[in-house]
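A short worksheet on the structure shown next.
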There are 2 protein chains.
Amino acid sequence: MSTANSSSSAPQLQPPGCSIEAALEIVRDRWTILILRDAFRGIRRFDDLRRDLEIPRAILADRLRSLVESGVFVKRQYQQRPERFEYRLTPMGMELSPILVSLMQWGDRWLSGEEGPPRLLVHEPCATEIDMSFYCWTCEEAFTPSQISSQPGAVTARTLQSQPALQSQPALQEGDLKNSGATKS
Amino acid sequence: MSTANSSSSAPQLQPPGCSIEAALEIVRDRWTILILRDAFRGIRRFDDLRRDLEIPRAILADRLRSLVESGVFVKRQYQQRPERFEYRLTPMGMELSPILVSLMQWGDRWLSGEEGPPRLLVHEPCATEIDMSFYCWTCEEAFTPSQISSQPGAVTARTLQSQPALQSQPALQEGDLKNSGATKS
DNA sequence: TTAGTTGGTTCGCAATCTGAACCCAGCTAC
DNA sequence: GTAGCTGGGTTCAGATTGCGAACCAACTAA
């Protein structure tokens, strides 16, 4: 995508090589996310995935291949004669869980019908419900997206001097919520 | 997708009407997520989005229309003569931020090059870095996805009695990480 | 008058998705 | 020993979707 964008003189809010774009090259589409959801539920085999998702075989084969290539899954032989394989999440794959949990919680909050969320996610040892909203350890308080700002990460001092616009700036900006339509509970 | 799946006698890990699937009907594809990323960066106008993302006009028009329909954006006229519009995040849209932050942090951790993440997200008042990993308030400790379990939400007592498999069960299962390929830092 | 801006729509071609059919190795029942 | 099943795919034709380019409409500025 937008790699050749250097002619703009506007402050570059997002450096080239945005991590979201990079992540999206691996988490490509809806099917990929549903495959990951099933993987977290312990479904590991081609045919089980196919049956559960009702996904076309060619698409499933393609997505599994590309997820193995990118290191999200490992393909392991679980029996010989006949050869049979399963797909397991690597540590890299396991760490995709916050994305799935966020999606699920957003769906629960904004899209579930009258009956409320079909299932709750809880911390197993104590059964406390999981909440993926933002919390600051230093201030000891929850905060909203509008309080998030973005700072240069591993940027060299030289880069910073030549690009003052890269210094701290709000990352997420709140829309004008007063006149907006959707609200809930 | 898999709506007609009631004939299976296996324990139904995910009830029909999964919130992740529901969320994916709105957060449809890569373009939608990139539009949302830009919205959080304060980009609100058709042409600014088009330039920044280098997205085909027809796709952008279509995605904006559908995001307005689903209540993620509001379309607001910001001038008359000629009529000009902008797209702003509703509260529903603002709450998509954990998904974007999770994607970004995963990309930072697993896909960034030698130089590390291009930017850090911080809590503005205190500049503490934002961390979207799991934390339990009751146990006062961070935990891994394997400690997440899933419990029935608003399920009636009758449903529960007739479907004992719906009771508490692990939601996210860890792969066999010992033999897996990818590890980092 | 001409060019530029903003916010689109229309069109034809290209890429991708989809269901159905097929393949193949090994196993199992008859 | 052969018909049929299972698991894990590939191949193929047709439908859907994506895409760039061109065009449109309403206005402004030079």
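Quick note: numbers below take in every heavy atom, side chains included, and nothing from hydrogens, waters or symmetry partners. Bear in mind that the values here come from a model prediction, so they are computed numbers and not experimental data. Every chain is numbered from 1, with letters handed out A, B, ... down the list of sequences.
- At whole-Å resolution of the value, CZ in A:Arg84 and C1' in D:dG9 are 10 Å apart.
- Ion pairing between a basic and an acidic side chain is recognised when a charged N comes within 4.0 Å of a carboxylate O; A:Arg84 and A:Glu86 show no such pairing.
- Among the heavy atoms of the strands lying under 4.0 Å from B:Arg45 are primed sugar atoms or P, OP1, OP2 only; no base atom is included.
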Assess whether side chain to side chain donor-acceptor pair (under 3.5 Å) is satisfied between A:Glu95 and B:Trp110, documenting all intermediate values. CA-CA 9 Å; A:Glu95 286 195 16; B:Trp110 294 98; 3.0 Å; yes
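- Crowding of B:Gln77 atom CD: a count of heavy atoms from other residues, nucleotides or ligands under 6.0 Å exceeding 12.
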Quick one: do B:Asp52 and B:Arg41 satisfy salt bridge (Lys or Arg N to Asp or Glu O under 4.0 Å)? Show the steps, please. CA-CA 11 Å; B:Asp52 186 71; B:Arg41 289 163 55 203; 3.5 Å; yes
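- Spacing between atom CG of A:Leu49 and atom C1' of D:dG7 amounts to 12 Å, rounded to whole angstrom units.
- Under the 6.0 Å distance and 45° angle rule, A:Lys75 does not count as a cation-pi partner of A:Tyr87.
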Scan nucleotides 15-24 of chain D against the protein and return all N/O pairs shorter than 3.5 Å with their distances rounded to 0.1 Å.
residue	atom	partner	partner atom	Å
D:dG18	OP1	B:Arg63	NH2	2.7
D:dC19	OP2	B:Trp31	NE1	2.9

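- A straight line from CD of B:Gln77 to P of D:dA26 spans 14 Å, rounded to a whole angstrom.
- Ring geometry, B:His123 versus A:Phe143: the interplanar angle falls under 30°, so the pair is classed parallel (tilted spans 30 to 60°).
- Close approach of DNA chain C to chain A, defined as any atom under 4.0 Å from a non-hydrogen atom of the protein, starts and stops at C:dC17 to C:dC27.
- Ionic pairing of A:Asp29 and B:Arg28 is not present here: no N-O contact between side-chain nitrogen and carboxylate oxygen is shorter than 4.0 angstrom.
- Separating the CZ atom of A:Phe46 from the C1' atom of D:dG9 is a distance of 6 Å, rounded to the nearest angstrom.
- When rounded to the nearest whole Å, the span between CZ of A:Arg50 and P of D:dT6 equals 11 Å.
- Separating the CG atom of A:Asp47 from the C1' atom of D:dG9 is a distance of 10 Å, rounded to the nearest angstrom.
- For the pair A:Arg44 and A:Asp48, the salt-bridge criterion is not met [side-chain N within less than 4.0 Å of a carboxylate O].
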